[in-house]
Student: 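Sending over a structure as structure tokens; questions will come in a sec.
By convention in this document, chain letters (A, B, ...) are assigned in the order of the sequence lines, proteins followed by strands, and residues within each chain are numbered from 1.
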Protein chains: 2
Amino acid sequence: MVLRRAEEQTRAEGVRLTPVRRRTLEILLESHRAMGAYEVLEKLAADGYGKQPPVAYRALEFLVEQGFAHRIQRLNAYAACLSPERNHAPVFLICRSCEQVAEADASALRGALQDLAARSEFTPERITVELLGLCARCSAEAAA
Amino acid sequence: MVLRRAEEQTRAEGVRLTPVRRRTLEILLESHRAMGAYEVLEKLAADGYGKQPPVAYRALEFLVEQGFAHRIQRLNAYAACLSPERNHAPVFLICRSCEQVAEADASALRGALQDLAARSEFTPERITVELLGLCARCSAEAAA
DNA sequence: GGTCATTTTGTTACAGTATCACAAATATTC
DNA sequence: GAATATTTGTGATACTGTAACAAAATGACC
């Protein structure tokens with residue numbers, strides 16, 4: 001069970017699975033859905049915890065750091081498409097330092113993703129593959 | 001050249017690459033980065049176009065529809081991790097109808113992604129793979 | 001060219017998402 | 001139990017995105 005494992009792991013790591021944090025994990029587990037931070041916040045507030053956004057954001061951040069939860073990504077930024085063939089599914093290489101975005105071709109991944117979706121009887125409509133990290137130049141600078 | 005191709009394609013499709021839309025594409029092309037909608041808006045406003053968010057959002061939406069730009073995804077929702085081993089890189093199967101999130105294992109993709117990153121001399125730190133679509137139940141309901 | 005329907009642009013107003021800065025409370029260490 | 005560090009809570013505010021509607025531009029038709 002996930003909660004039990006979380007308790008053990010936090011004890012082992014010397015970090016604290018405090019009541020808010022624990023309750024936040026429970027909320028995510030109970031819903032089985034992707035939840036917005038404000039949705040989590042409402043439930044925390046209903047249980048007597050703080051009512052302000054940072055309460056939820058901090059607990060969620062902790063869970064993500066510890067690997068107990070994931071941050072599901074959604075829309076926020078735009079980049080021109082450099083190879084505008086119809087229906088291409090690019091991989092984005094996003095540099096977190098200079099914010100340059102490179103596109104690479106995802107066709108090698110496509111087959112694997114289709115298989116995976118088929119095994120779960122899932123019908124994919126939009127595929128998102130992003131690598132966040134450092135581009136060649138910035139990682140050279142970081143090393144210098 | 002991307003702009004020229006966009007002109008031809010829009011003419012062929014019978015849609016209009018109006019001045020704002022064209023300028024928006026130029027702005028994205030000039031920056032070579034992922035730009036937020038408000039950043040684009042500032043530049044549009046400086047060029048004498050509208051100053052309100054919808055101006056940028058609409059132009060960007062058009063470009064994405066036509067395949068001239070991509071929407072880069074960012075943080076918005078959270079889900080509990082069901083297999084909290086350290087360093088696992090899950091694929092998310094997100095149902096756009098019921099919002100359930102399933103995790104599948106991405107290890108099959110990992111190799112391909114590493115290769116791809118290596119070829120671009122890119123150092124990945126965080127990998128995001130998401131499939132947005134319909135889960136088995138919702139797609140059955142949609143068919144009914 | 002003038003009229004009509006359609007599309008596009010612009011604005012106001014507002015909803016949703018996220019962070020900063022600081023105070024109060026709680027644990028941990030010695 | 002006093003000192004320190006961590007965590008929680010609050011108010012204020014910034015950033016991101018959308019709804020609704022009016023004005024302007026475009027295209028089709030006569």
Side-chain angles (χ1 to χ4, degrees), chain A residues 6-7 10-28 33-66 68-79 96 99 132, chain B residues 6-7 10-28 33-66 68-79 96 99 132:
Chain A
E7 277 166 10
T10 47
R11 211 175 305 126
E13 301 245 343
V15 295
R16 289 190 254 161
L17 187 63
T18 60
V20 218
R21 291 169 175 175
R22 192 197 151 93
R23 182 70 195 119
T24 302
L25 180 51
E26 283 173 13
I27 288 169
L28 290 181
R33 309 193 332 267
M35 299 183 77
Y38 278 67
E39 206 180 343
V40 171
L41 178 59
E42 263 182 43
K43 291 188 188 289
L44 287 174
D47 288 355
Y49 297 102
K51 297 175 174 42
Q52 307 302 323
V55 172
Y57 280 103
R58 282 191 293 232
L60 289 165
E61 184 188 25
F62 172 85
L63 295 177
V64 171
E65 263 170 20
Q66 297 302 312
F68 303 144
H70 297 289
R71 196 164 203 162
I72 308 275
Q73 323 282 99
R74 292 228 187 115
L75 62 209
N76 236 5
Y78 303 80
R96 68 163 161 76
E99 293 188 287
L132 185 68
Chain B
E7 278 166 8
T10 48
R11 212 175 305 126
E13 301 245 343
V15 295
R16 287 189 255 162
L17 188 64
T18 60
V20 219
R21 291 171 174 174
R22 191 196 153 94
R23 181 70 195 119
T24 303
L25 180 52
E26 284 174 12
I27 289 168
L28 291 180
R33 308 192 333 265
M35 299 183 77
Y38 279 67
E39 205 180 344
V40 171
L41 178 59
E42 263 182 43
K43 292 189 187 287
L44 287 174
D47 288 355
Y49 297 102
K51 298 175 173 44
Q52 307 304 323
V55 171
Y57 280 103
R58 281 192 293 232
L60 289 166
E61 183 188 26
F62 172 86
L63 296 176
V64 171
E65 264 170 19
Q66 297 302 312
F68 303 144
H70 296 291
R71 196 164 202 159
I72 309 272
Q73 323 282 100
R74 286 218 194 126
L75 63 211
N76 237 1
Y78 304 80
R96 68 164 160 77
E99 293 189 290
L132 185 68

Student: Go through the N and O atoms of the side chain of B:Arg58 and the base of D:dG17, and report whether any donor-acceptor pair is under 3.5 Å.
Tutor: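 No, the side chain and the base share no sub-3.5 Å donor-acceptor pair.
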Student: Restricting to side-chain contact (heavy atoms from CB on, under 4.5 Å), what partner residues turn up for B:Glu26, sequence neighbours left out?
Tutor: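 B:Leu3, B:Arg22, B:Arg23, B:Glu30.
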Student: So, using side-chain contact (heavy atoms from CB on, under 4.5 Å) as the criterion, who are the partners of A:Pro19 when residues are at least two apart?
Tutor: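 By the side-chain contact (heavy atoms from CB on, under 4.5 Å) rule, A:Pro19 matches A:Tyr49.
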Student: The side chain of B:Gln52 is closest to which nucleotide in this list: C:dT11, D:dT10, D:dT8?
Tutor: C:dT11
Student: Consider the side chain of B:Tyr38, meaning its heavy atoms from C-beta on, and name the nucleotide among C:dA18, C:dT11, D:dT16 that approaches it most closely.
Tutor: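 Nucleotide nearest to B:Tyr38's side chain: D:dT16.
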Student: Looking only at heavy atoms, which two atoms of B:Leu44 and B:Ala56 are closest? And how far apart?
Tutor: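 Looking at all heavy atoms of both residues, the closest pair is CD1-CA, 4.2 Å.
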Student: Give the rounded distance in Å between these two atoms: CZ of B:Phe62 and P of C:dT8.
Tutor: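 After rounding, the reported distance stands at 8 Å.
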Student: Using the side-chain contact (heavy atoms from CB on, under 4.5 Å) rule, pick out the option among B:Leu17, B:Val20, B:Thr24 that qualifies with B:Phe62.
Tutor: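 Checked B:Leu17, B:Val20, B:Thr24 against B:Phe62; only one passes side-chain contact (heavy atoms from CB on, under 4.5 Å): B:Leu17.
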Student: Does B:Pro54 or A:Pro53 map to a spot on DNA chain D nearer the 5' end, using the closest nucleotide for each?
Tutor: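 On the 5' side of the pair lies A:Pro53.
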Student: What's the NZ-P distance between A:Lys51 and D:dA12, to the nearest Å?
Tutor: 16 Å
Student: Kindly determine whether A:Gln66 and A:Arg21 satisfy side-chain contact (heavy atoms from CB on, under 4.5 Å), including the steps that lead there.
Tutor: CA-CA 11 Å; A:Gln66 297 302 312; A:Arg21 291 169 175 175; over 6 Å; no
Student: For B:Glu61 and C:dT9, what is the distance between atoms CD and C1' respectively, to the nearest whole Å?
Tutor: 14 Å
Student: Report the distance from atom OH of B:Tyr57 to atom P of C:dT12, rounded to the nearest whole Å.
Tutor: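 Rounded to the whole Å, the gap is 18 Å.
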Student: Closest approach of A:Gly50 and A:Leu41, non-hydrogen atoms and distance?
Tutor: O-CD1, 3.6 Å
Student: Heavy atom of residues 41-50 of chain A under 4.0 Å from DNA chain D: which residues?
Tutor: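 Heavy-atom cutoff 4.0 Å gives A:Tyr49, A:Gly50.
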Student: Looking at residues at least two apart in the chain, or sitting in another chain, which of them share a side-chain contact (heavy atoms from CB on, under 4.5 Å) with B:Gln52?
Tutor: B:Pro54
Student: For a quick test of reading the model: is some side-chain N or O of B:Thr18 closer than 4.0 Å to OP1 or OP2 of C:dT7?
Tutor: no
Student: Mind listing the N/O atom pairs, protein and nucleotides 25-27 of chain D, below 3.5 Å?
Tutor:
residue	atom	partner	partner atom	Å
D:dT26	O3'	B:Arg16	NH1	3.4

Student: How many whole angstroms separate atom CG of A:Leu17 from atom C1' of D:dT7?
Tutor: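 Value for this atom pair: 13 Å.
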Student: Quantified as the angle between the terminal helix axes (five pairs each), what is the overall bend of the helix from C:dG1-D:dC30 to C:dC30-D:dG1 to 10 degrees?
Tutor: 30°
